Protein chains: 2
Amino acid sequence: MADENCSRVETALEILVGKWKPVILYQLFTNGTMRFSELQRALPDITKKMLTSQLRELEYHDIVHRKIYMQIPPKVEYSITEYGMKMTPLLEAINAWGTMHIQHLNELYSEDRKLEDAETK
Amino acid sequence: MADENCSRVETALEILVGKWKPVILYQLFTNGTMRFSELQRALPDITKKMLTSQLRELEYHDIVHRKIYMQIPPKVEYSITEYGMKMTPLLEAINAWGTMHIQHLNELYSEDRKLEDAETK
DNA sequence: CCGTATCCCGGGAGATACTG
DNA sequence: CAGTATCTCCCGGGATACGG
């Protein structure tokens with residue numbers, strides 16, 4: 001049972017983990033449908049290879065939908081699936097904790113500053 | 001602003017990511033204070049090196065507390081910090097989503113089974 | 001008992017070039 | 001436009017041995 005509880009967490013992390021997945025999801029969640037090239041423009045530092053592989057993994061997990069237009073030049077659109085939408089509360093929880101954590105870091109930093117100031121006096 | 005939103009998520013993931021962190025956190029959350037050797041026994045497949053490094057990272061992020069007893073033989077106890085406790089809702093959200101996702105996978109699987117059964121008839 | 005120090009390997013991820 | 005195909009480098013993480 002210990003294992004089960006944990007494997008659920010790991011299953012979830014598996015899907016979120018990948019250097020670019022959070023950013024990609026963020027783009028698709030906020031912009032809705034996007035073409036491959038739009039994603040590339042929005043994420044200047046990612047290579048095509050990486051963008052493709054991360055999108056494929058998300059597609060495999062039924063989080064992202066890939067719509068191909070049979071035409072020349074090619075056109076492919078990506079969007080969050082209905083099932084993927086169910087990640088919203090999870091993403092929000094992660095985001096909320098991250099926000100609080102950054103705040104916490106700032107507090108730790110300012111405490112260090114106080115100590116330093118006290119020493120230099 | 002896009003970057004900020006995303007960096008929060010990444011900040012959070014950074015802390016959770018690491019092959020053994022979820023399991024370690026699970027142990028400490030359910031068992032409270034644990035000695036190094038207890039963790040080793042609970043996690044048979046982890047090496048000392050890995051256990052140490054993951055605990056150090058968690059300690060660095062103020063999630064886990066390390067209490068050293070100056071004695072021979074040495075004794076070291078690990079526990080979740082007060083601040084670390086604030087991860088509870090996050091962990092629960094991840095766990096909840098993971099649970100739902102596994103359920104979703106089962107549904108997909110049983111649909112495949114139906115198709116197969118239909119074909120073989 | 002609670003760790004470091006070393007050595008080593010596989011795979012994640014970047015750079016670059018090519019294609020339907 | 002939307003991808004593959006290669007080649008290469010780096011480092012997370014395992015195995016093993018040693019140290020206070």
Side-chain angles (χ1 to χ4, degrees), chain A residues 6-7 9-11 13-28 31-61 63-80, chain B residues 6-7 9-11 13-28 31-61 63-80:
Chain A
C6 187
S7 74
V9 172
E10 283 168 349
T11 303
L13 288 179
E14 213 176 296
I15 291 171
L16 266 329
V17 167
K19 202 176 177 186
W20 299 94
K21 285 180 193 169
V23 227
I24 292 172
L25 288 176
Y26 181 78
Q27 288 296 322
L28 291 177
N31 298 336
T33 300
M34 292 179 81
R35 297 187 58 171
F36 187 84
S37 49
E38 288 183 289
L39 280 165
Q40 264 198 293
R41 240 170 289 125
L43 281 16
D45 291 344
I46 193 173
T47 62
K48 290 177 183 183
K49 176 188 168 186
M50 264 298 105
L51 183 53
T52 305
S53 78
Q54 305 277 303
L55 283 168
R56 291 292 143 84
E57 285 180 35
L58 291 169
E59 189 192 358
Y60 173 79
H61 290 299
I63 307 297
V64 158
H65 176 65
R66 182 163 175 257
K67 183 172 183 183
I68 309 161
Y69 293 82
M70 291 298 278
Q71 61 180 51
I72 292 178
K75 177 176 169 183
V76 179
E77 283 179 348
Y78 292 92
S79 57
I80 305 289
Chain B
C6 186
S7 74
V9 173
E10 283 168 349
T11 303
L13 288 179
E14 214 175 295
I15 291 172
L16 266 329
V17 168
K19 202 176 178 186
W20 299 94
K21 283 179 193 169
V23 228
I24 293 173
L25 288 176
Y26 182 77
Q27 288 296 322
L28 291 176
N31 298 337
T33 300
M34 291 179 82
R35 298 186 59 170
F36 187 84
S37 46
E38 288 184 287
L39 280 166
Q40 264 197 292
R41 239 170 290 126
L43 281 16
D45 291 343
I46 193 174
T47 62
K48 290 177 183 181
K49 177 188 169 187
M50 265 297 107
L51 183 53
T52 306
S53 78
Q54 303 275 38
L55 283 167
R56 290 294 142 83
E57 284 180 36
L58 290 169
E59 189 191 358
Y60 173 81
H61 289 300
I63 307 297
V64 158
H65 177 64
R66 181 163 176 258
K67 183 172 184 182
I68 310 162
Y69 292 83
M70 291 299 279
Q71 62 179 50
I72 291 179
K75 177 176 169 183
V76 180
E77 283 180 348
Y78 293 91
S79 57
I80 304 291

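Computed from a prediction, not measured in an experiment: that's the story for all the values here. Chain identifiers are assigned alphabetically (A, B, ...) following the order of the sequence lines, protein sequences preceding nucleic acid strands; residue numbering begins at 1 within each chain.
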Starting at CD1 of B:Ile68 and ending at P of C:dG3, how long is that distance when rounded to a whole Å? 7 Å

Rounded to the nearest 0.5 angstrom, the CD-NZ distance for A:Glu14 and A:Lys21 is 8.0 Å

Atom CD1 of B:Ile15 and atom CG of B:Leu25: how far apart are they, to the nearest 0.5 Å? 10.0 Å

Contacts of type side chain to side chain donor-acceptor pair (under 3.5 Å), residue B:Arg66, not counting sequence neighbours: B:Tyr78

So CE of B:Met50 and CG of B:Leu43: to nearest 0.5 Å the spacing works out to 12.5 Å

Once salt bridge (Lys or Arg N to Asp or Glu O under 4.0 Å) is applied, do any residues pair with A:Glu59, and if so which ones, sequence neighbours excluded? A:Arg56

Do you know which two heavy atoms are closest between B:Glu10 and A:Val23, and how far apart they sit? OE2-CG2, 3.7 Å

Please name the pair of heavy atoms, one in A:Met34 and one in A:Ala42, separated by the smallest distance, quoted to 0.1 Å. CE-CB, 4.2 Å

Contacted region of DNA chain D by chain A, from 5' end to 3' end of the hits, cut-off under 4.0 Å to heavy atoms, spans D:dC1 to D:dT6

Applying side chain to side chain donor-acceptor pair (under 3.5 Å) to A:Gln54 and not counting sequence neighbours gives none

By side chain to side chain donor-acceptor pair (under 3.5 Å) - contacts of A:Glu77 (at least two apart): A:Tyr69

B:Glu38 CD - C:dC1 C1' separation (whole Å): 13 Å

To the nearest angstrom, how far is B:Arg41 atom CZ from C:dC2 atom C1'? 13 Å

In Å, rounded to the nearest 0.5 Å, how long is the span from CG of B:Leu16 to CD1 of B:Ile63? 8.5 Å

Enter the distance from A:Ile46:CD1 to A:Leu39:CG here, rounded to the nearest 0.5 Å. 8.5 Å

May I ask you to list the residues of residues 70-78 of chain B, by number, that have any heavy atom positioned under 4.0 Å from an atom of DNA chain D? B:Pro74

Any chance CD1 of B:Ile68 has more than 12 other-residue heavy atoms, nucleotides or ligands included, within less than 6.0 Å? yes

Looking at residues 47-60 of chain B, who's got a heavy atom less than 4.0 Å off DNA chain C? B:Lys48, B:Lys49, B:Thr52, B:Arg56

End-to-end bend of the helix from C:dC1-D:dG20 to C:dG20-D:dC1 (five-pair axes, 10° rounding)? 50°

What residue pairs, at least two apart or across chains, pass side-chain hydrogen bond (donor to acceptor under 3.5 Å, both in side chains) with a residue in residues 36-52 of chain B? none

